[in-house]
Amino acid sequence: KEKVFEFANRVVTMAKEKKLPKTVKLISIDLAENKNVAVCHWEAESLDQLMQLASQLGPTWKIDAFTVKNFYKKGLL
């Protein structure tokens, strides 16, 4: 759990200091309580670019990356 939290902090710091590639934007990070899970929401030009960044950050766990389509957002209907 501590490693996931440290990783999330490093990513947030990079985003705040504008050290992420210009083609990748961090939207949010959600941490699951009492679990070793972080859900990162990104905007990226391509999934390949996002995965390249992920590999450069050097996590020691599996990363699942996928594109999503918004199904519902409060206030849009």
Side-chain angles (χ1 to χ4, degrees):
K1 180 179 176 181
E2 292 166 7
K3 288 185 179 189
V4 171
F5 186 72
E6 288 173 15
F7 179 81
N9 273 329
R10 186 165 36 130
V11 172
V12 169
T13 299
M14 289 177 70
K16 286 180 179 179
E17 295 176 354
K18 301 190 186 306
K19 293 184 177 179
L20 295 172
K22 293 181 183 194
T23 57
V24 178
K25 180 181 175 185
L26 178 65
I27 304 301
S28 67
I29 297 180
D30 300 315
L31 300 176
E33 290 187 34
N34 301 319
K35 303 241 183 222
N36 291 329
V37 176
V39 178
C40 303
H41 300 244
W42 298 88
E43 283 183 6
E45 287 186 3
S46 73
L47 198 54
D48 287 337
Q49 288 177 338
L50 184 57
M51 291 307 292
Q52 286 176 2
L53 172 63
S55 68
Q56 291 171 4
L57 294 171
T60 57
W61 53 84
K62 179 181 151 197
I63 294 179
D64 289 327
F66 47 87
T67 58
V68 297
K69 181 178 178 183
N70 184 261
F71 181 73
Y72 170 80
K73 189 169 185 176
K74 183 178 178 178
L76 293 181
L77 295 177

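Any value given below was found using the heavy atoms of this structure, including those in side chains, with hydrogens, waters and symmetry copies removed.
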May I ask whether V39 and I63 are part of the same hydrophobic cluster, defined by side-chain heavy atoms of I, L, V, M, F, W, Y residues being less than 4.5 angstrom apart, directly or through others?
->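 Hydrophobic grouping puts V39 apart from I63.
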Any chain of hydrophobic side-chain contacts (each under 4.5 Å) joining L31 to V12?
->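 Yes, same cluster.
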First locate atom SG of C40, then atom CD1 of I27, and finally report the distance between them rounded to the nearest 0.5 Å.
->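 One gets 11.5 Å once the value is rounded to the nearest 0.5 Å.
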Nearest-0.5 Å distance, NE2 of residue H41 to CD of residue E43 =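 One finds 12.0 Å between NE2 of H41 and CD of E43.
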Quick one: side chains of residues 49-58, donor-acceptor pairs under 3.5 Å with protein atoms, not counting sequence neighbours, listed by atom name and distance.
residue: Q49; atom: OE1; partner: T23; partner atom: OG1; Å: 3.3
residue: S55; atom: OG; partner: Q52; partner atom: O; Å: 2.8

List the atom of W42, the atom of V24, and the distance in Å for their closest heavy-atom pair.
->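 Minimum heavy-atom contact is CE3-CG1, 3.3 Å.
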Which pair of non-hydrogen atoms, one from I29 and one from A8, has the smallest distance, and what is that distance?
->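 Looks like CD1-O, 3.9 Å.
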How about K25 and L20: do any of their side-chain heavy atoms sit closer than 4.5 Å?
->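 Not touching, per the 4.5 Å side-chain cut-off.
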Are the side chains of K19 and T13 in touch, meaning some heavy atoms are under 4.5 Å apart?
->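 Not in contact.
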Under the side chain to side chain donor-acceptor pair (under 3.5 Å) test, which residues partner D48, sequence neighbours left out?
->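 Side chain to side chain donor-acceptor pair (under 3.5 Å) check on D48 returns nothing, list empty.
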